[in-house]
**Student:** 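Mind looking over this structure? Questions follow.
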There are 2 protein chains.
Amino acid sequence: MRPIKTNPSPTISDVAKAASVSTATVSRAFSRPEMLRQETVNQVRFHATKLGYLPNLAARALSTGRQGNIAILVPDIANPFFPPLLRAAQATADFAGYSVFLGDSDEDPEREQRLVNKLVMQVEGFILASSRMQNKKILELSERQPVVLINRDTPGLPRVLIDTVAGIDAAVAHLAAFGHQHLVYISGPAASWSDQQRRSAVSNAAARHKMKMQSVPARHPSFDAGREVTSTVLNMDVTAAITFDDFVAHGLLAGLAEQGVLVPRDFSVIGCDDVLGASTYPALTSVSARCDEAGRMAADLLISTLQTGKRGDVRCLLETWLVIRDTTAPAPKTGRPKLKKKVLPKNNLGDLAFTGTRSSV
Amino acid sequence: MRPIKTNPSPTISDVAKAASVSTATVSRAFSRPEMLRQETVNQVRFHATKLGYLPNLAARALSTGRQGNIAILVPDIANPFFPPLLRAAQATADFAGYSVFLGDSDEDPEREQRLVNKLVMQVEGFILASSRMQNKKILELSERQPVVLINRDTPGLPRVLIDTVAGIDAAVAHLAAFGHQHLVYISGPAASWSDQQRRSAVSNAAARHKMKMQSVPARHPSFDAGREVTSTVLNMDVTAAITFDDFVAHGLLAGLAEQGVLVPRDFSVIGCDDVLGASTYPALTSVSARCDEAGRMAADLLISTLQTGKRGDVRCLLETWLVIRDTTAPAPKTGRPKLKKKVLPKNNLGDLAFTGTRSSV
DNA sequence: TTGTATGCGTTATCAG
DNA sequence: CTGATAACGCATACAA
């Protein structure tokens, strides 16, 4: 039994002894001071800090059934979409007194499930951001405890959705106003709700503007995959592209530069997520969203669920908008951009850029 | 007592009843199957999964003193320096069976301490990345349980340091080879070990190359602060700058563009951390490091400490190197870059770029 | 190989 | 307002 603890932490009863009170009193001095005389509380607190006592939350959890922890699971921490979200969620949870477990599923549903199983007994609820698990599994989990989803539209569960539709509508309108007639959507992971949403938003908006629209899958939501589809895109007689995310757009920009296609003169490009700011060249026009807001909302939702006990079916949509920069311009007169092979410019844009960075949301 | 659990999770004794064995047997079926007959294990496991039983790790922790959790604290999750680090650390910990708590101190020592206190009884050890706490507090914590530091050089504690010296040496040599005679280091947060290291590395290398070197503090390690020091820098008769990090460099690039100073023709700029890839324009020459490696190392160090019980005084240095892109070139003939006021180019580089993103490491 | 009994640190119940 | 004590779910000596 007795583990060889290097530094046995003082327990509630150590403090009790020191303060000459019962363990119950010590407990109350921390969890419900209002039940005690102020003087008693001070006494206890005094001895507690002297001994370096800190409440053992695991033991408390065992007794109360409340852990004071939540878990946030993401498919890829390193995807720039998530850090602001994580940051906001963490801050919100912390403010409400909760600690947060972080799990990275590495885009793998099984791994996500494993993380869930490992954490489920230690937390009071989950935030699943861009979950890759099957709906069935998610619903299963939600019977055990509160779950809030981000960018996953599962009816019956509270969810925060970054509604790219408005932003994409604006993007397509922007292109239409510039006289583009035919555009391509370069898609991301099929399993991603965001991708489905974006694709159909582009399609609908294009239809409204009587534009022709085609879709090309990127192998992976990354710079490299974006660069790889360049030739395919150039063979399509389109004059503009909207991409699943900024990394794909970034790769496409590099690919176009290599082929000697001038952006935005010959071709227009619009990204999504706006995680690269203005730091691409030319500065990328992109559909932007406050992803930190998504994190904050999700945490708020989860915490209020925990505190009220009511599990709502909230469907919270977050606005997006178009940030116009320098990769969009009027459609070229000739329908198809010319394909003159050209030596790379001195700054071999992107050779070292974000290679391998994932970004499916 | 009995909390109104919405969904009372099955416990070890539920399983015991179902499988007609004792609780001890169920316990062993999960923690030490080798002590049981294969058949018994199967029986128990069967009923366990049928009931949806999952071991309560909090309870296990109470009994064994081992939580199976570690904590990683960072000053700012949204700083692109950390996500790869977090990702690697999380993966490493997960592989070893540990779950990880994530804490964001928001650059605030007190908040960091609060997080530590909240987590200390739930974890077996800490990874403190770029800790802002006083050395004293860190050492205090380390008496309670294993602590591994990242980018903080506290003797006596295991620590992983990204050794920018080599990279900075290369950077200064690079500038020297280009004929620069006088450079400025734009510094970051004074509390940061990294900043101290970088500043003195620049200073030493400059001395070796017989270059004049001055130092200018950026108000904050950010794009805006970098832009703000532009005039100061231009009044200094220097031809090159090395900045605390890429964001400051990025801001400086924008500031220089606004002032009509051509980079790299009139002025050379080198960043640190290489978190912007090639996505600035011109693509930024930067001192690069594998920050994911730092996360992996730290996690490995912590976990091996936990498993062997030996707390070493390891000081692990991680290599850095210079990635040469397009913001460095031979020094201009005239010592000082000309200061012709100019209208901003169409792409107002940086107006929307990473504003507010922090980046002190 | 398996079962019984006890303790881990805390909170809740019930008396005082 | 405070004290004694039984849980909470699990792991482990000890017994069988």
Side-chain angles (χ1 to χ4, degrees), chain A residues 1-5 7-44 48 51-69 118 120-124 144, chain B residues 1-5 7-45 47-48 51-68 118 120-124:
Chain A
M1 182 73 246
R2 198 148 314 250
I4 313 102
K5 269 194 164 182
N7 260 314
S9 304
T11 75
I12 209 170
S13 62
D14 295 326
V15 180
K17 232 164 284 171
S20 317
V21 294
S22 75
T23 59
T25 302
V26 178
S27 170
R28 291 194 263 254
F30 285 93
S31 29
R32 354 191 75 164
E34 71 278 7
M35 286 183 66
L36 264 44
R37 261 184 16 225
Q38 184 59 48
E39 201 188 310
T40 318
V41 175
N42 293 341
Q43 281 291 324
V44 173
L51 292 179
Y53 166 79
L54 289 174
N56 183 326
L57 298 186
R60 177 180 291 176
L62 195 55
S63 182
T64 61
R66 226 167 288 147
Q67 287 75 14
N69 300 326
K118 223 166 63 172
V120 69
M121 299 299 293
Q122 297 193 79
V123 302
E124 294 177 42
R144 271 183 170 266
Chain B
M1 182 70 245
R2 197 150 314 250
I4 314 102
K5 269 195 162 181
N7 259 314
S9 304
T11 74
I12 208 170
S13 62
D14 295 327
V15 179
K17 232 162 286 172
S20 319
V21 294
S22 74
T23 60
T25 302
V26 179
S27 170
R28 291 193 263 254
F30 285 92
S31 30
R32 355 193 74 163
E34 71 279 6
M35 286 183 67
L36 265 45
R37 258 181 21 222
Q38 184 60 46
E39 202 187 312
T40 318
V41 175
N42 294 340
Q43 282 291 324
V44 174
R45 290 252 170 99
H47 286 100
L51 293 177
Y53 167 80
L54 289 176
N56 183 325
L57 298 186
R60 177 180 291 176
L62 195 56
S63 181
T64 60
R66 227 167 289 148
Q67 287 74 14
K118 224 166 64 173
V120 68
M121 298 299 294
Q122 297 194 81
V123 303
E124 294 177 43

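Just so it is clear: chains get the letters A, B, ... in the order the sequence lines come, proteins before strands, and each one is counted from 1. Quick note: numbers below take in every heavy atom, side chains included, and nothing from hydrogens, waters or symmetry partners.
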**Student:** Whole angstrom is fine here: how far is it from CD1 in B:I12 over to C1' in D:dA7?
**Tutor:**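 Going from CD1 in B:I12 over to C1' in D:dA7 covers 16 Å.
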**Student:** Show each protein N/O and nucleotides 14-16 of chain C N/O combination with a separation under 3.5 Å, one pair to a line.
**Tutor:**
none

**Student:** Find the distance B:L57:CG to D:dG9:C1' and express it as a whole number of Å.
**Tutor:**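 Rounded to whole Å, this separation is 11 Å.
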**Student:** Quick one: salt bridge (charged side-chain N to carboxylate O under 4.0 Å, His left out) pairs with a partner in residues 23-40 of chain A, sequence neighbours left out?
**Tutor:**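 Matches after skipping sequence neighbours: A:R37-A:E39.
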**Student:** Distance check needed: D:dG9 P versus B:D14 CG, whole Å only.
**Tutor:**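 The answer, rounded to whole Å, is 8 Å.
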**Student:** Whole Å only: how far is the CD atom of B:E34 from the C1' atom of D:dT12?
**Tutor:** 14 Å
**Student:** Would you say A:V120 and A:R144 make side-chain contact, with heavy atoms under 4.5 Å?
**Tutor:** yes
**Student:** Rounded to the Å, how far apart are A:N56 CG and C:dT10 P?
**Tutor:** 5 Å
**Student:** Using the side-chain heavy atoms of A:R32, tell me which of these nucleotides is nearest: C:dT10, D:dG9, C:dA12.
**Tutor:**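 Of C:dT10, D:dG9, C:dA12, C:dA12 is nearest to the side chain of A:R32.
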**Student:** With the side chain counted from C-beta on, respond yes when B:R45 and B:N42 share a heavy-atom pair under 4.5 Å apart, and no when they do not.
**Tutor:**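 With C-beta onward as the side chain, the pair stays apart.
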**Student:** Under a 4.0 Å heavy-atom cut-off, which of residues 16-27 of chain A touch DNA chain C?
**Tutor:**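 Contacting residues: A:A24, A:S27.
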**Student:** OP1 or OP2 of D:dC10 sitting under 4.0 Å from any side-chain N/O of B:S31?
**Tutor:** no
**Student:** What is the distance, rounded to the nearest whole Å, between atom CG of B:L62 and atom P of C:dT6?
**Tutor:**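 From B:L62 CG to C:dT6 P: 18 Å.
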**Student:** Output, in order, the C-alpha distance, side-chain angles, deciding distance and verdict of side chain to side chain contact (heavy atoms under 4.5 Å, CB included) for A:T11 and A:D14.
**Tutor:** CA-CA 5 Å; A:T11 75; A:D14 295 326; 3.7 Å; yes
**Student:** Is a side-chain N or O of A:E124 found less than 3.5 angstrom from the main chain of A:Q67, in a donor-acceptor match?
**Tutor:** yes
**Student:** Consider only side-chain N and O atoms of B:Q122 and A:N69, and report whether a donor and an acceptor are under 3.5 Å apart.
**Tutor:**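 Side chains of B:Q122 and A:N69: pair found under 3.5 Å.
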**Student:** Would you indicate which nucleotide in C:dT11, D:dG9, D:dC1 comes nearest to any side-chain atom of A:T40?
**Tutor:**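 Nucleotide nearest to A:T40's side chain: D:dC1.
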**Student:** Given 3.5 Å as the limit, does a donor-acceptor pair link the side chain of A:T40 with the main chain of A:L36, or not?
**Tutor:**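 Not a single qualifying donor-acceptor pair exists.
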**Student:** Contact between B:H47 and B:S20 at the side-chain level, heavy atoms closer than 4.5 Å - yes or no?
**Tutor:** no
**Student:** Need one value for A:F30: base, sugar-phosphate or nothing, where a base atom within 4.0 Å counts as base even if backbone is also close, heavy atoms only.
**Tutor:**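 Answer is nothing: A:F30 stays at 4.0 Å or more from every strand.
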**Student:** With a 4.0 Å cutoff (strictly under), does any side-chain N or O of B:R37 reach OP1 or OP2 of C:dT2?
**Tutor:**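 So the side-chain polar atoms of B:R37 do come within 4.0 Å of the phosphate oxygens OP1 or OP2 of C:dT2, strictly under.
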**Student:** Of the options D:dG9, D:dT12, C:dT11, whose atoms approach the side-chain atoms of A:S63 most closely?
**Tutor:** C:dT11
**Student:** Can you tell me how far P of D:dA11 sits from CD of B:Q67, to the nearest Å?
**Tutor:**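 Going from B:Q67 (CD) to D:dA11 (P), I get 13 Å.
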**Student:** OP1 or OP2 of C:dT11 less than 4.0 angstrom from a side-chain nitrogen or oxygen of A:T64, does that happen here?
**Tutor:** no
**Student:** Do B:S9 and A:M121 come within less than 4.5 Å of each other through their side chains, counting heavy atoms only?
**Tutor:** yes
**Student:** Within the side chain of B:S22, is there an N or O that forms a donor-acceptor pair under 3.5 Å with the backbone of B:T25?
**Tutor:** yes
**Student:** Which part of the nucleic acid does A:S13 contact within heavy-atom distance under 4.0 Å: base, sugar-phosphate only, or nothing?
**Tutor:**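 Nothing, no heavy atom under 4.0 Å.
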**Student:** For B:M121 and C:dG9, give me the distance from atom CE to atom P, rounded to whole Å.
**Tutor:** 8 Å
